[in-house]
Colleague: 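Once you've had a glance at the structure underneath, I'll fire off some questions.
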Amino acid sequence: LKELSFRMAAVGVSDLRDAAYVLHPVSASLRLAHEPRLGLLRTEFEVARKDILELTVVRSQVKHLRTAQAVRGQEYMRLYRLMVPEADEETLYQDANLNLAEYGALFERQLLHSEGLAEKGEEALSKHEERRLQLLEDALAIGKLAQRQVLVKQKVEARGEERRRQQLGSDKAPSVNTLGLMMRWARWGRTHGSR
């Protein structure tokens with residue numbers, strides 16, 4: 001472990017912003033040993049100057065740690081079930097690429113409508129599709145979702161830019177009738193203006 005540091009707050013203070021450094025070594029080494037016969041878990045902590053900090057954990061403390069870990073695992077599963085119903089779980093994890101493609105298509109339609117760039121035939125998301133989009137956002141890996149969102153946003157921005165260029169182009173380019181009128185007016189000005 002390189003550049004490891006420990007900070008400690010004053011007793012009764014839960015905010016760590018004002019915590020002072022207790023140990024700020026350049027490098028450190030942590031060794032663990034388990035002695036099941038004695039019911040001990042031994043750790044050795046070496047700091048840069050080879051000072052050894054020894055910590056002994058008894059079996060009852062390990063049991064408490066395992067109990068806390070089990071409770072945390074149960075809470076995780078409870079919250080996970082709130083986000084991903086058991087009925088949908090099987091379909092979500094069969095083909096990740098297919099689900100990412102579905103997410104990309106739904107996210108693109110949602111973004112096009114929110115930006116006002118949807119064309120005829122591109123309908124807004126139905127309630128069912130909105131729920132599916134939310135389910136995919138809850139269940140799929142956040143890194144993969146972020147990659148897909150970046151690609152979709154670039155695609156939508158390109159469409160918006162193309163639409164702006166088309167609108168500017170139609171405003172600047174005079175129609176054939178206007179061009180003829182302008183040329184006739186310029187000719188008239190040259191011939192009649194010199195008198």
Colleague: Going from CG on Leu79 to CD on Gln74, what distance comes out if it is rounded to the nearest 0.5 angstrom?
Modeller: 12.0 Å

Colleague: Please say whether more than 12 non-hydrogen atoms of neighbouring residues, nucleotides or ligands are located less than 6.0 Å from CD1 in Ile142.
Modeller: no

Colleague: How close do Ala139 and Leu92 get, counting heavy atoms only, and between which atoms?
Modeller: CB-CD1, 3.5 Å

Colleague: Might you work through the side-chain contact (heavy atoms from CB on, under 4.5 Å) test for Glu102 and Leu106, ending with a clear yes or no?
Modeller: CA-CA 6 Å; Glu102 179 186 6; Leu106 292 171; 4.1 Å; yes

Colleague: Does Arg42 use its side chain to pair, donor to acceptor, with the backbone of His34 at less than 3.5 Å?
Modeller: no

Colleague: When rounded to the nearest 0.5 angstrom, what is the spacing between NZ in Lys153 and CD in Glu115?
Modeller: 9.5 Å

Colleague: Would a 4.5 Å heavy-atom cut-off, applied to side chains only, mark Arg148 and Phe107 as touching?
Modeller: no

Colleague: Taking the side chain as every heavy atom from C-beta outward, state whether Glu75 and Tyr80 have any pair of such atoms under 4.5 Å apart.
Modeller: no

Colleague: Are the side chains of Arg159 and Glu119 in contact, using a 4.5 Å heavy-atom criterion?
Modeller: yes

Colleague: Taking everything shown except Glu161 itself, do over 12 heavy atoms lie less than 6.0 Å from its CD?
Modeller: yes

Colleague: Is there a side-chain contact between Asn99 and Arg132 (heavy atoms, below 4.5 Å)?
Modeller: yes

Colleague: Do Leu133 and Leu136 have side chains that approach each other closer than 4.5 Å (heavy atoms only, starting at C-beta)?
Modeller: no

Colleague: For residues Ser126 and Glu129, report the shortest heavy-atom separation together with the two atoms involved.
Modeller: N-OE1, 2.9 Å

Colleague: Are side-chain heavy atoms of Leu145 and Leu100 found at a separation under 4.5 Å?
Modeller: yes

Colleague: Linking I/L/V/M/F/W/Y whenever their side-chain heavy atoms sit closer than 4.5 Å, directly or via other members, would Leu140 and Met77 fall into one cluster?
Modeller: yes

Colleague: Out of curiosity, Leu168 CG to Arg165 CZ, how far, rounded to the nearest 0.5 Å?
Modeller: 10.0 Å

Colleague: Looking at Glu130 and Arg109, is any side-chain nitrogen of the basic one under 4.0 Å from a carboxylate oxygen of the acidic one?
Modeller: no

Colleague: Identify the two heavy atoms, one from His113 and one from Glu122, that lie closest to each other, and give their separation to 0.1 Å.
Modeller: NE2-O, 2.7 Å

Colleague: In terms of hydrophobic clusters joined by side-chain contacts under 4.5 Å, are Tyr76 and Val84 together?
Modeller: yes

Colleague: Determine whether Gln149 and Glu137 make a side-chain contact, defined as any pair of heavy atoms from C-beta on separated by less than 4.5 Å.
Modeller: yes

Colleague: Quick check on the hydrophobic clustering: are Met83 and Tyr103 connected, directly or via other members, by side-chain heavy-atom contacts under 4.5 Å?
Modeller: yes

Colleague: Can you check whether Arg131 reaches Leu135 side chain to side chain, under 4.5 Å on heavy atoms?
Modeller: no

Colleague: Could you state the interatomic distance from CD (Glu157) to CD (Gln154), rounded to the nearest 0.5 Å?
Modeller: 7.0 Å

